[in-house]
Number of protein chains: 2
Amino acid sequence: MLSQTEENYLKAIYSIGISNGKNINTTLISRKLKTKPSSVTDMIRKLAEKDLIYYEKYKGVSLTQSGKKIAIDIVRKHRLWEVFLVNKLNYNWDEVHEMAEQLEHIKSDTLVGRLEAFLDFPKHDPHGDPIPDENGNIAQHKNVMLSSLEINSSGVVIGVKDSSSSFLQFLDNSNIKLGDTIKVIAKEDYDNSILIENKLQTKSISQQISANLFVKKI
Amino acid sequence: MLSQTEENYLKAIYSIGISNGKNINTTLISRKLKTKPSSVTDMIRKLAEKDLIYYEKYKGVSLTQSGKKIAIDIVRKHRLWEVFLVNKLNYNWDEVHEMAEQLEHIKSDTLVGRLEAFLDFPKHDPHGDPIPDENGNIAQHKNVMLSSLEINSSGVVIGVKDSSSSFLQFLDNSNIKLGDTIKVIAKEDYDNSILIENKLQTKSISQQISANLFVKKI
DNA sequence: ACATATTTTTAGATTAATCTAAATTTTTGA
DNA sequence: TCAAAAATTTAGATTAATCTAAAAATATGT
Ligand SMILES: [Mn+2]
Ligand SMILES: [Mn+2]
Ligand SMILES: [Mn+2]
Ligand SMILES: [Mn+2]
């Protein structure tokens with residue numbers, strides 16, 4: 001049985017692998033987990049000992065098959081609990097991450113599956129992130145950002161790259177939400193801001209915003 | 001912020017207080033938590049330091065006001081999660097304790113309250129135990145056992161004293177459940193077994209069974 | 001009452017996860 | 001290429017929670 005700490009290291013390694021490609025080094029892990037590099041070295045030696053990661057001194061790490069399976073299962077639990085909190089307990093999407101960080105570590109052979117069925121097998125969490133199935137299969141984002149849309153083309157908002165509370169609250173205040181169809185009306189070369197239009201409004205958003213919204217072109 | 005271990009000690013002390021009156025000593029705590037008495041001594045010194053328990057060397061412990069508040073809050077969370085698991089995820093009443101042992105430690109200022117509302121403010125958990133309100137008020141069992149009923153009197157089963165899986169499964173197999181009205185038909189002096197009748201059957205049960213069923217006389 | 005049994009505490013060790021400071025290895029760029 | 005910078009590992013310490021063994025205090029029973 002893995003400790004919560006070990007599970008968090010595996011999850012961190014998995015998520016760094018998704019965003020930073022294959023260069024997963026000590027510093028990146030320590031930054032993600034807010035620990036010191038020396039602590040990371042200790043832990044990765046332990047995880048390597050348990051055959052959950054490959055590790056060569058000074059060369060960084062990568063997940064083994066079984067390490068990846070566990071990491072994805074934690075992600076699965078995290079996202080299903082987030083759906084529960086938003087859909088059933090009426091939390092807002094900016095409030096659920098910390099609770100899900102705890103709930104993802106609940107140990108049970110059957111709980112995730114029951115939860116998933118109770119939630120009617122959702123495919124995405126409240127932030128648009130895909131929910132892995134019980135075998136660890138996970139549909140990856142196509143990674144089309146709103147910032148990359150041409151003028152006069154439209155897209156449906158399907159996810160956020162940054163799920164910080166502050167960004168999510170900004171979106172709430174800007175009346176932009178998942179499922180919105182957004183059309184790009186104009187682009188400003190000077191600062192790469194864009195003028196967009198959804199059902200409710202026409203407004204200008206900075207590149208920092210448009211580069212953190214995943215869309216599906218239509 | 002208390003550790004899970006500290007919370008478990010407070011809960012154990014609370015529950016020993018409920019069943020064994022006010023004599024809460026090191027050995028009882030160690031037995032409840034499956035630790036050694038020396039470990040208990042260490043922890044109770046720590047909890048006393050934090051003013052969560054009163055402790056005098058060699059004299060046992062008792063909860064302070066704030067310690068009791070915390071203990072009851074853990075009990076509240078435990079029982080509400082059990083209701084969730086049974087009522088929403090369709091678990092049987094003998095399957096939920098271990099999961100609730102973990103879920104009771106999830107930290108959030110708002111989660112229990114939201115959960116309680118989602119469950120429609122249940123008053124009892126799946127084993128008939130009362131659920132404390134948000135202020136820590138808790139309706140105590142009247143502690144009438146089925147074994148104490150007179151011949152020809154009846155009672156409604158409102159709880160179990162023993163919530164072990166084996167006892168709960170025994171009740172399932174015996175077609176006895178919470179809410180059943182049970183009439184005592186006869187008593188056997190030799191072994192204190194009793195003949196009972198509910199909607200489905202007439203059957204004999206041993207004193208070990210009848211002394212573990214709480215009833216409300218009617 | 002007091003010797004013996006039981007309970008509780010103390011002393012010292014262990015394990016997991018972390019840290020700081022120092023040593024080592026790798027990377028960078030003049 | 002090779003010295004300086006950066007990253008990584010090692011050494012040694014700390015904290016929480018546990019344990020075993022021994023010492024001290026309390027309880028028990030004749
Ligand atoms: Mn999250
Ligand atoms: Mn999410
Ligand atoms: Mn329980
Ligand atoms: Mn219960």
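In what follows, chains carry the letters A, B, and so on, assigned in the order in which the sequence lines appear, proteins first and then strands, with residues in each chain numbered from 1. Excluded from the calculations below are hydrogen atoms, water molecules and symmetry mates; all remaining heavy atoms, backbone and side chain alike, are included.
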[atom1] of [X] versus [atom2] of [N]: gap in Å, rounded?
{"X": "Glu56(A)", "N": "dT26(C)", "atom1": "CD", "atom2": "P", "answer": "10 Å"}
{"X": "Ile44(B)", "N": "dA16(D)", "atom1": "CD1", "atom2": "P", "answer": "17 Å"}
{"X": "Leu28(A)", "N": "dA7(D)", "atom1": "CG", "atom2": "C1'", "answer": "11 Å"}
{"X": "Lys59(B)", "N": "dT6(C)", "atom1": "NZ", "atom2": "C1'", "answer": "16 Å"}
{"X": "Asn23(A)", "N": "dT8(D)", "atom1": "CG", "atom2": "C1'", "answer": "13 Å"}
{"X": "Asn25(B)", "N": "dA27(D)", "atom1": "CG", "atom2": "P", "answer": "11 Å"}
{"X": "Lys34(A)", "N": "dC19(C)", "atom1": "NZ", "atom2": "C1'", "answer": "17 Å"}
{"X": "Asp42(B)", "N": "dC19(D)", "atom1": "CG", "atom2": "P", "answer": "10 Å"}

Base dT20(C) to side chain Ser38(A), donor-acceptor N/O within 3.5 Å cut-off: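 Pair found.
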
Over 12 foreign heavy atoms within 6.0 Å of CD, Glu188(A):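 Yes, CD of Glu188(A) has more than 12 neighbouring heavy atoms, counting only those of other groups under 6.0 Å.
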
OP1 or OP2 of [N] under 4.0 Å from side-chain N/O of [X]:
{"X": "Tyr9(B)", "N": "dT18(D)", "answer": "yes"}
{"X": "Tyr55(B)", "N": "dT9(C)", "answer": "yes"}
{"X": "Ser39(A)", "N": "dC19(C)", "answer": "yes"}
{"X": "Lys57(A)", "N": "dT10(D)", "answer": "yes"}
{"X": "Thr26(B)", "N": "dT9(C)", "answer": "yes"}

Donor-acceptor pair between His78(A) and Asp125(A) side chains, under 3.5 angstrom: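 His78(A) vs Asp125(A): no donor-acceptor pair found between side chains.
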
Side chains of Gln4(A) and His105(A), donor plus acceptor under 3.5 Å: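 Looking only at side-chain atoms, His105(A) and Gln4(A) do not form any donor-acceptor pair under 3.5 Å.
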
Per Tyr58(A) side chain, nearest of listed nucleotides dT18(C), dT26(C), dA25(D):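 Between dT18(C), dT26(C), dA25(D), the one nearest the side chain of Tyr58(A) would be dT26(C).
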
Which nucleotide in dT20(C), dT8(D), dT8(C) has an atom nearest any side-chain atom of Lys36(A):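 The closest nucleotide is dT20(C).
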
Salt bridge flag under 4.0 Å for residues Glu101(A) and Lys11(A):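 Yes, Glu101(A) and Lys11(A) are salt-bridged.
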
Touch class at under 4.0 angstrom, heavy-atom based, for Thr41(B) against every strand present: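 The residue Thr41(B) makes base contact.
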
Along DNA chain C (nearest heavy atom to each residue), the more 5'-positioned of Gln4(A) and Val40(B):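 So the residue in question is Val40(B).
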
Gap separating the CD1 atom of Ile16(A) from the CD1 atom of Ile29(A), nearest 0.5 angstrom: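 Answer for the CD1-CD1 pair, Ile16(A) versus Ile29(A), is 5.0 Å.
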
